[in-house]
Amino acid sequence: MAIPAVSYSRDTPRGYPGMIATTEPHFITSMVVASGSADIPFGRGVIYGTVEDTVALPAAIGKFAGVAAVDRTIPAEQGEVYKVYDQISVMKNGSIWVTALVAVAQGDPVYMTPTGTFTNVSNSSANQLIENAEWATVTSTTNQIAKLRLGVTK
């Protein structure tokens with residue numbers, strides 16, 4: 001029996017949205033996806049809901065609660081999203097992979113858009129600054145995976 005040829009790339013992917021990026025200390029809390037929220041993809045920013053211990057995918061500016069971390073116990077048929085009433089893992093402190101909407105540089109400020117995506121562009125009428133957060137990697141173009149660090153003390 002012939003052994004099939006196997007090929008591996010020399011370049012491994014950096015990560016994927018919602019993946020914990022490093023072993024540095026981090027804090028992830030469990031909350032519930034609020035009634036009326038849209039599905040929350042892994043790696044998206046979430047805002048506090050109106051009911052205690054709930055979060056939602058933003059549809060407008062709101063109070064930043066953290067970033068949706070990956071949960072591999074979610075059934076495959078659900079996709080890589082949290083649905084209404086799911087228990088959600090929310091990173092509040094630490095490093096997590098997200099998609100950067102534009103090219104970012106290490107140390108740049110982090111802004112969340114009204115849809116829970118991330119950029120380094122202020123656009124004060126729409127994007128909100130995430131206090132104590134910074135980009136921890138460099139990207140060269142739009143929609144690349146990048147490390148976002150939450151809870152930075154400067």
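Count residues from 1 along the sequence.
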Just how far is it from atom [atom1] of [X] to atom [atom2] of [Y], taken to the nearest 0.5 Å?
X      : Y      : atom1 : atom2 : result
Ser95  : Arg149 : OG    : CZ    : 4.0 Å
Ile47  : Lys63  : CD1   : NZ    : 11.5 Å
Phe42  : Tyr16  : CZ    : OH    : 9.0 Å
Ile130 : Gln128 : CD1   : CD    : 5.0 Å
Ile96  : Leu148 : CD1   : CG    : 8.0 Å
Thr29  : Asp53  : OG1   : CG    : 7.5 Å

Less than 4.5 Å apart, any side-chain heavy atom of [X] and any of [Y]?
X     : Y     : value
Ile88 : Val55 : yes
His26 : Ile20 : yes
Val32 : Asp86 : no

Problem - Carboxylate-amine/guanidinium proximity below 4.0 Å for Arg72 and Glu80 - result: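 Counted as a salt bridge, because a side-chain N and a carboxylate O are separated by less than 4.0 Å.
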Hydrophobic cluster membership, [X] vs [Y], 4.5 Å side-chain cutoff:
X      : Y      : answer
Val46  : Val70  : yes
Tyr111 : Trp135 : no
Val104 : Val152 : no
Tyr82  : Tyr48  : yes
Phe118 : Trp97  : no

Practice task
Return yes if some donor-acceptor pair links the side-chain N/O of Ser37 with the main-chain N/O of Leu57 below 3.5 Å, else return no.
Solution key: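 Yes, because the side chain of Ser37 sits within donor-acceptor range (under 3.5 Å) of the backbone of Leu57.
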